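A short write-up of the structure that comes next.
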Amino acid sequence: MSETTTPAAAPAAAPTPAPDPSGLTGAAGVLPGKPVDEMKAALAAANPHAAEHVQANTAKRAERQAQVTALFQERFGVGDLEVANGGPLIPAARHAELARALKDTGFTFYVTVAASHWPAQKTKTGDEPESFEVATVLRSVGPGSLQVSWRVKLAPGEELDSLAPLFAGADWQEREQFDLVGVRFLGHPDLRRLMMPDEWEGHPLRRDYAIDTRCEPWR
Amino acid sequence: MAVAVEAVATAPVVPTKAFVPDPYLDLDTYEADADLMTLSLGPQHPSTHGVFRVVLYLDGEIIVKAVPHCGYLHRGVEKLCEKLAYSNITPVLDKNDYVAPMLNEQAANMAFEKLMGIEVPLRAKYLRTLLAELQRIASHLLWLGTFAMDLGGALGGGTSVFMYCFRERELILDVFEELTGCRFHYNTHHVGGNRHDIPPGWPKLVHEALDTIESRLEAYLVMLEHPIFVDRTKGVGTIDAQLALELGLSGPLLRASGVDHDLRRDAPYGVYDLLDVQVAVDGGGDCLARYKVRLAEIRESIRLSRLLIDNVPQGPLSATKPLNMVTQFKAAAGQVYVGIESPRGELGTWLIASKDKPTNPYRFKIRPPSLHAAAAVPYVFPGHTLSDAVAILGSLDPIMGEVDR
């Protein structure tokens with residue numbers, strides 16, 4: 001039907017919707033879409049190598065996962081790598097050693113470091129003293145890229161070995177955590193504030209850092 | 001009175017001594033040929049793309065040390081997110097990487113969903129993938145325009161390529177406006193899915209925009225790929241694969257240094273496991289290689305977008321009910337990291353939830369790819385002239401909203 005109509009012949013009073021190249025136009029205000037099987041078949045036809053990538057990724061990831069599990073088990077005595085998804089807790093003294101071992105295993109990509117502040121808390125089981133937690137994420141490069149993370153618990157004032165001599169990318173990330181959370185990194189080549197002015201007092205991302213605003217929830 | 005103008009020798013300026021770039025160079029022990037000149041580039045210099053300041057120490061015309069200073073755009077986003085409910089965080093993140101906001105929203109919401117254990121419906125995953133690819137085109141187009149402007153007069157009149165690229169980027173923004181009502185602070189992702197479903201006529205608009213952009217890409221190549229452009233970019237700001245990995249560079253910067261790594265293919269999320277993403281890799285490591293990789297990524301994103309818009313699957317767009325109160329989403333105590341491939345590289349979110357307050361994040365840490373690009377400056381600038389430094393900074397493409405947060 002549609003091939004017989006021409007734009008000039010179309011009546012102005014009843015404008016027909018413009019033909020949709022994907023042929024998906026529906027009557028309702030929402031594009032109805034194709035059945036899922038049909039969508040997958042269409043994508044598979046246009047992407048013949050997609051399944052190969054998935055296979056290669058799965059195989060490589062399983063291999064890496066086995067390597068990491070063995071490394072944590074043998075050298076650090078840690079069995080569960082997904083402790084609530086944040087990674088296992090490692091003694092602070094072995095932080096740099098672990099990073100070096102992982103880098104040698106193939107985790108050459110430094111992703112991020114995230115420090116967090118945990119103020120002293122009174123709980124039913126006993127008082128928890130103030131502490132800091134530093135989480136580090138590394139990643140392997142190429143097919144089957146796998147991320148691995150671990151956490152370190154620090155007492156207030158305790159310093160953590162810097163990873164900047166190992167990964168140059170850790171330089172600014174650790175400066176940022178020092179600046180905002182106030183965790184000091186031992187052996188960092190240039191531990192200055194990154195975001196806040198040099199003369200700033202306090203570390204804004206600490207839980208007890210009060211922001212002077214008049215609005216209630218910000219304090 | 002006529003003055004005879006002698007031909008100026010165009011020999012490259014090279015330092016007189018063997019030069020090894022050292023980011024932590026001690027200027028007291030450095031023996032300069034002449035007095036060192038200190039030059040503060042930025043924070044308001046247009047070539048620094050926002051507010052980024054680099055203090056350059058020049059020996060003659062050669063930069064011997066570069067000390068970047070950032071934080072001029074620090075807004076305390078991470079602190080703010082600790083105080084906001086999960087549903088209210090998304091619009092704040094749009095302002096981080098303001099060139100590719102769609103990816104910011106996706107990165108954060110994927111972390112929320114992982115922590116809450118919400119499975120996103122296929123249609124939402126599919127739409128997110130499509131939006132990410134469209135945004136990648138827009139982001140790379142903006143980069144191309146500003147990079148051409150950085151190279152300036154060499155390209156026959158400064159801002160022409162910039163204006164052309166913005167014209168094409170507008171088409172993508174129009175498409176997004178049609179879908180979400182906003183041109184770049186979309187707020188279209190939410191926990192569990194997407195907010196705005198595809199209107200019936202939308203695929204046609206997307207196809208038109210993609211066709212126009214693809215046809216005009218050829219025109220850019222005529223404007224760009226001539227000897228002056230190649231002279232200004234080839235061999236300038238070379239980062240080898242080893243250094244790129246060391247610095248944590250990701251995305252086009254890493255691939256331009258010859259490392260074949262792309263999270264879309266290597267750690268697929270969304271519906272990338274159904275797609276065969278052709279990862280553009282160039283071993284050059286210089287500004288020209290970074291240009292080539294980004295151009296190839298625009299073409300690949302056009303191909304993927306066309307394919308995706310033609311095969312939208314049926315189904316619901318969200319796994320969660322429409323928002324009726326800000327405390328609707330609650331997370332159990334835990335920590336997750338989720339990284340996705342933004343136009344600038346690995347954009348990640350480290351999210352901690354505590355048991356005391358299930359409606360807010362306890363700690364919200366963004367892993368910005370631009371931070372690492374900016375951190376590469378002290379490694380790449382030394383040994384180059386000031387004019388090359390501007391070209392290098394342009395090709396690294398740090399977005400300061402994302403660096404400073």
Side-chain angles (χ1 to χ4, degrees), chain A residues 17-18 20-22 24-26 29-36 38-40 42-44 46-50 53-54 57 84-86 108-112 114 116 135 137 139 141-147 149 167-169 171-173 176 180 189-190 194-197 204-205 211 217-218, chain B residues 24 70-71 74 76 78-79 83 114-115 122-123 126 197-204 207 243 245-250 259-261 263 265-268 271 273-276 307 309-315 333-337 339 346 348 350 352 362-363 365 367 371-372 374-375 379 404:
Chain A
D20 186 354
S22 55
L24 292 165
T25 310
V30 168
L31 190 74
K34 288 184 178 181
V36 173
E38 219 173 283
M39 178 276 283
K40 284 189 174 164
L43 291 194
N47 297 282
H49 301 296
H53 287 313
V54 171
N57 282 337
N85 281 323
T108 47
F109 186 80
Y110 182 85
V111 179
T112 192
S116 51
V137 188
R139 182 183 278 293
V141 168
S145 180
L146 183 73
Q147 74 190 36
S149 60
F167 299 95
D171 182 344
W172 278 30
Q173 291 261 2
E176 187 194 322
L180 300 179
D190 185 25
L194 186 70
M195 304 289 174
M196 312 301 283
L205 279 182
I211 307 168
W218 314 120
Chain B
Y24 307 114
C70 58
H74 182 57
E78 290 175 5
K79 184 81 175 171
K83 309 290 175 192
K114 188 173 171 190
L115 192 60
L122 181 67
R123 187 170 163 113
Y126 192 97
D197 210 337
I198 306 173
W202 199 63
K204 179 167 175 283
H207 271 289
L243 181 63
L245 270 177
E246 277 284 308
L247 285 168
L249 296 181
S250 45
V259 181
D260 191 4
H261 174 72
L263 291 182
R265 184 198 63 193
D266 299 333
V271 294
D273 53 347
L274 302 175
L275 298 170
D276 173 20
L307 188 63
I309 194 64
D310 284 345
N311 297 292
V312 180
Q314 290 170 348
Q335 312 199 359
V336 288
Y337 174 80
E346 177 166 354
W350 182 276
I352 305 179
Y362 183 85
R363 173 89 168 85
K365 164 82 169 66
R367 191 261 181 204
L371 184 88
H372 289 265
Y379 291 83
D404 295 343

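Just so we're on the same page: letters track the sequence lines, and every chain starts at 1. All figures in this text were calculated on a predicted structure; none of them were measured in a lab.
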Checklist entry - For B:Leu243, is it the side chain, the backbone, both, or neither that has a heavy atom closer than 4.5 Å to a heavy atom of chain A? => result neither
Item to check | chain B interface, residue from A:Leu43, A:Val111, A:Asp171 that has the most non-hydrogen pairs under 4.5 Å | outcome: A:Val111
Checklist entry - Relative to chain B, which segment of A:Val141 carries a heavy atom at a distance below 4.5 Å: side chain, backbone, both, or neither? => result both
Checklist entry - Checking heavy atoms, do the side chain of B:Leu275, its backbone, both or neither come under 4.5 Å from chain A? => result both
Checklist entry - Charged N to carboxylate O under 4.0 angstrom, B:Asp266 versus A:Arg139? => result no
Next on the checklist: At a 4.5 Å cut-off on heavy atoms, which part of B:Tyr126 comes close to chain A: side chain, backbone, both, or neither?
Outcome noted: side chain
Item to check | Side chain / backbone / both / neither for B:Glu346 at chain A, heavy atoms under 4.5 Å | outcome: side chain
Next on the checklist: Within the 4.5 Å heavy-atom criterion, are B:Asp404 and B:Leu371 side-chain neighbours or not?
Outcome noted: no
Next on the checklist: Which atoms of A:Gln173 are under 4.5 Å from chain B, going by heavy atoms: the side chain, the backbone, both sets, or neither?
Outcome noted: both
Next on the checklist: Could you go through A:Lys34 and A:Val36, starting from their C-alpha distance and side-chain angles, then the distance that decides it, and tell me whether this counts as side chain to side chain contact (heavy atoms under 4.5 Å, CB included)?
Outcome noted: CA-CA 6 Å; A:Lys34 288 184 178 181; A:Val36 173; over 6 Å; no
Checklist entry - NE2/B:His372 to OG/B:Ser250 distance, rounded to the nearest 0.5 angstrom? => result 7.0 Å
Next on the checklist: Quick one, B:Arg367 and B:Trp350 - any side-chain contact, counting heavy atoms below 4.5 Å?
Outcome noted: no
Checklist entry - In terms of heavy-atom proximity below 4.5 Å to chain B, should A:Leu146 be classed as side chain, backbone, both, or neither? => result neither
Item to check | Derivation of the salt bridge (Lys or Arg N to Asp or Glu O under 4.0 Å) call for B:Arg265 and B:Asp260 | outcome: CA-CA 10 Å; B:Arg265 184 198 63 193; B:Asp260 191 4; 3.2 Å; yes
Next on the checklist: Less than 4.5 Å to any heavy atom of chain B: does that hold for the side chain of A:His53, its backbone, both, or neither?
Outcome noted: side chain
Next on the checklist: Test your reading of the model: is there a side-chain donor-acceptor pair from B:His74 to the backbone of A:Met195, 3.5 Å cut-off?
Outcome noted: no
Checklist outcome for this item: CG of A:Leu180 to CD of B:Glu78, rounded to nearest 0.5 Å, is 6.5 Å
Item to check | Which of B:Pro313, B:Gly71, B:Pro268 touches chain A most, by non-hydrogen pairs under 4.5 Å | outcome: B:Pro313
Next on the checklist: For a 4.5 angstrom cut-off between non-hydrogen side-chain atoms, does A:Val137 reach A:Phe109?
Outcome noted: no
Item to check | Max heavy-atom pair count under 4.5 Å with chain B, selected residue of A:Gly144, A:Ala42, A:Pro35 | outcome: A:Pro35
Checklist outcome for this item: Scored by heavy-atom pairs under 4.5 Å with chain B, the best of A:Leu205, A:Thr108, A:Asp190 is A:Leu205
Next on the checklist: Can you tell me which portion of B:Ile352 sits under 4.5 Å from chain A's heavy atoms? Options are side chain, backbone, both or neither.
Outcome noted: side chain
